[in-house]
Structure formats: structure tokens, C-alpha cells
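Numbering starts at 1 and runs along the sequence shown.
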Amino acid sequence: MSTTGSQNSARLGWRIRLRRDRSLLLMTVPAAVLLLVFNYAPLFGVVTAFQDYDPLVGVWHSEWVGFDQFQQLFNDPAFWAALKNTLYLSFVQLVLFFPIPVALALLLNSVVSERIRNFFQSVVYLPHFFSWVLAVTIFQQMLGGAGALNQFLRQHDLATWDIMTNPHTFALLTTSQAVWKEAGWGIIVFLAALSAINSELYEAAAADGAGRMRRMWHITLPGLRGVIVLMLVLRLGNALSVGFEQFLIQREAVGHEAADVLDTFSFYYGIATGGYSFGAAAGLFKSVVSLLLIWGANKLAHAFGEDGLYRR
């Protein structure tokens, strides 16, 4: 009887919560539908990576070739060059870009005046809403061959800088563009985490004589540690997605040897040439490796005592 009573009580509690939260659940329906339509339904197209896909006959009637597309992919030197570029660019952005949102969040959090803090937040957020076409155009106007910097150098009889078309500094250029465009948006999560830290801890530390740097080291950074680890795990999971539009726009200026990443490789050597199955194979390889990276990074976070994406 006790078991039956507990089951009935659980069902009654579930019904009460359903009636109470019905409006909230209905609000999530459009988001769930969009997620299913644009994120899960397209997964059916993965099957084309194992076919010689012909859009005229469709998925159901295209020839099944098994792993032939992957064999062709792994024997293509251009694929390995694109993978090498992707890993290198991702590493540069991880080292140079990832710490900047944390530093900006700490800097903005230390500003006493709320009006000044809100102003600077708005300024650093703004570039996120620019398209990559506009962002690259702004850099071209500033650093290009006819840009403001080289015009200034010519007027003073100084040697010009080849920045926008130099393949050797392309990684630093794209990282600078990513910092300018996305660093402001990246601080949102860290500012939210900072607001959750108990202010009484700072007051107690200040009463004990701890200076600003000591309070930041012993209170602020430990309070941000969980969020930093979470964002790092997500960043490692997206290590092979360094930006399609950004590199597509600048590919002709620096050459495909420097600008080809896995996304542009899939486009130019797959979709643009009609090799849909070849491009799908490259995309599936990228997805599987990204899944393994995020799984491994999450396991590493658990090993250091952090939650990562989920608790153990």
C-alpha cells in the first residue's frame, strides 16, 4: 500500500506541476520545433557521406559506396593541409582570444560608476552585431594597402605594412578580428558569474586588510573558475569550427594555403564542385572529432574537480 500510495502521490505532484507550469511549457514549444527542424532533422543528410549522392535522384536512389568518400578524403593532401590550418588557428585563438573576455569582465566589474560601466559594455558589445563582411571591410579600411595606416606611413615616407594579404600573419590577423568582434559578447557569461559572488566575502576580506589584487586572486577568480572551465570545454568542442564566413571572405587575399580550414574545404572541394558526398564526409569527420574533443575536455574537467558540462 505504501508503494502504491507513493506512486499516486508522485503522479499527483506531476499533474500539479504540469498545470502550474503549463504556460511556460507552451512557450518552449516554438523553440523546440525550431531545434528539431534546423538541428536534428538535417542529421538525416549524414547518410550522403556514405553515398555517391546525386541530387537529381535523391538520397533514396543514390549509389551506396560505404567508406569510399572517407578513403578519398584521407588520401587528399588538401584535406590534411586544411586540418592543420584549422588546428593551428584554433590554438592561436584559444591562447590569445580566450583570456580576453575574462580580463574585460574583471576590468568592467572593477569600475565603480555604473553609468561608465554600462557605456563601455555597450561599446564592446556593438561589434558582435556586425556581419563578418562589415568587420573585414573595417579592417581593410584601416590596415589594407590603401587603408588609413599605410596612407599615414606613405605620407611620412615610411615603409608600408603588408597585413591584410600576408599569409604569414594571417592567424594573428584573424584572431585580432575575432577579438574585436566577439570579445565584448563573450564577457556576458563572466559578468553574470561575477554578479553571483557574495559581496560579503569582499567586505570581510577588505576588513582583514586584503588589497584589491588579493581579493581578486582569492575571491573573484575562484568564483569564476567553474564558468571558465565550462567555457573552455565548449571552446575545445568547437576547436574545428574557427569561422566559415571570416575565412571565406579573405581566402582570395592570402591564398588557400593559409586560409583553408575544414569548413571552407568542405565548401570549395565539396558543394562548389558538386561533390556533395565528399563535403558531407569532411563535415561528418569534423563533427565526430569535435564530439570526442568535448567529451575528453569534460572528462578532464571532472578530473580536476569541476562540473564541466554536467555533474558526474
Side-chain angles (χ1 to χ4, degrees), residues 35 38-40 42-43 46 49 70 73-74 79-106 109 128 170-172 174-197 216-247 260-266 280-312:
L35 188 67
F38 292 102
N39 290 82
Y40 287 95
L43 289 177
V46 169
F70 292 93
L73 182 71
F74 296 147
F79 165 74
W80 294 108
L83 178 60
K84 178 182 177 182
N85 280 345
T86 304
L87 294 175
Y88 172 66
L89 291 166
S90 180
F91 175 76
V92 172
Q93 291 190 9
L94 179 66
V95 173
L96 299 181
F97 174 78
F98 185 79
I100 291 180
V102 181
L104 282 176
L106 293 174
N109 190 62
H128 169 77
F170 184 66
L172 296 177
T174 54
T175 303
S176 301
Q177 293 169 348
V179 168
W180 178 78
K181 187 176 185 298
E182 300 294 347
W185 185 258
I187 70 176
I188 292 178
V189 176
F190 299 110
L191 286 175
L194 286 171
S195 65
I197 299 177
M216 182 183 70
W217 184 258
H218 292 285
I219 300 176
T220 306
L221 290 180
L224 286 177
R225 186 175 59 186
V227 177
I228 292 174
V229 171
L230 173 61
M231 300 304 292
L232 184 60
V233 169
L234 293 174
R235 177 62 189 169
L236 290 175
N238 290 321
L240 300 186
S241 300
V242 289
F244 172 70
E245 298 92 345
Q246 182 185 12
F247 294 96
D260 258 348
V261 293
L262 287 180
D263 288 333
T264 58
F265 174 86
S266 299
L284 181 57
F285 170 84
K286 170 191 161 185
S287 300
V288 172
V289 173
S290 297
L291 181 63
L292 293 175
L293 284 174
I294 201 169
W295 177 81
N298 198 62
K299 286 292 185 182
L300 188 62
H302 289 168
F304 282 95
E306 298 295 334
D307 290 337
L309 292 178
Y310 55 85
R311 295 182 179 178
R312 287 179 292 183

Is any side-chain heavy atom of [X] less than 4.5 Å from a side-chain heavy atom of [Y]?
X: Leu236; Y: Leu94; result: yes
X: Leu83; Y: Val261; result: no
X: Val179; Y: Leu96; result: no

Identify the heavy atoms of [X] and [Y] that sit nearest to each other, and give their distance.
X: Ala82; Y: Phe265; value: CB-CB, 3.9 Å
X: Asp263; Y: Ser241; value: OD2-CA, 4.2 Å
X: Ala171; Y: Thr175; value: O-OG1, 2.7 Å
X: Val242; Y: Thr86; value: CG1-O, 3.9 Å
X: Met231; Y: Phe190; value: CG-CZ, 3.9 Å
X: Ser290; Y: Gly237; value: CB-O, 3.2 Å

How many angstroms lie between atom [atom1] of [X] and atom [atom2] of [Y], to the nearest 0.5 angstrom?
X: Asn109; Y: Ile197; atom1: CG; atom2: CD1; answer: 7.5 Å
X: Asn298; Y: Leu230; atom1: CG; atom2: CG; answer: 9.0 Å
X: Gln93; Y: Leu172; atom1: CD; atom2: CG; answer: 10.5 Å
X: Asn85; Y: Ser90; atom1: CG; atom2: OG; answer: 12.0 Å

### Message
Students often mix this up, so state it plainly: with edges at 30° and 60°, are the rings of Phe285 and Phe74 parallel, tilted or perpendicular?
### Response
perpendicular
#### Entry: side chain to side chain contact (heavy atoms under 4.5 Å, CB included) assessment of Leu106 paired with Leu224
CA-CA 10 Å; Leu106 293 174; Leu224 286 177; 3.9 Å; yes
### Task
Determine which pairs satisfy salt bridge (charged side-chain N to carboxylate O under 4.0 Å, His left out) with at least one residue from residues 223-242, sequence neighbours left out, and list them in order.
Arg225-Glu306
### Reference residue Leu194; test side chain to side chain contact (heavy atoms under 4.5 Å, CB included); the match among Val189, Ile187, Thr220
Thr220
### Query
Taking the six-membered ring for Trp, are Phe170 and Phe247 ring centroids under 6.0 Å apart?
yes
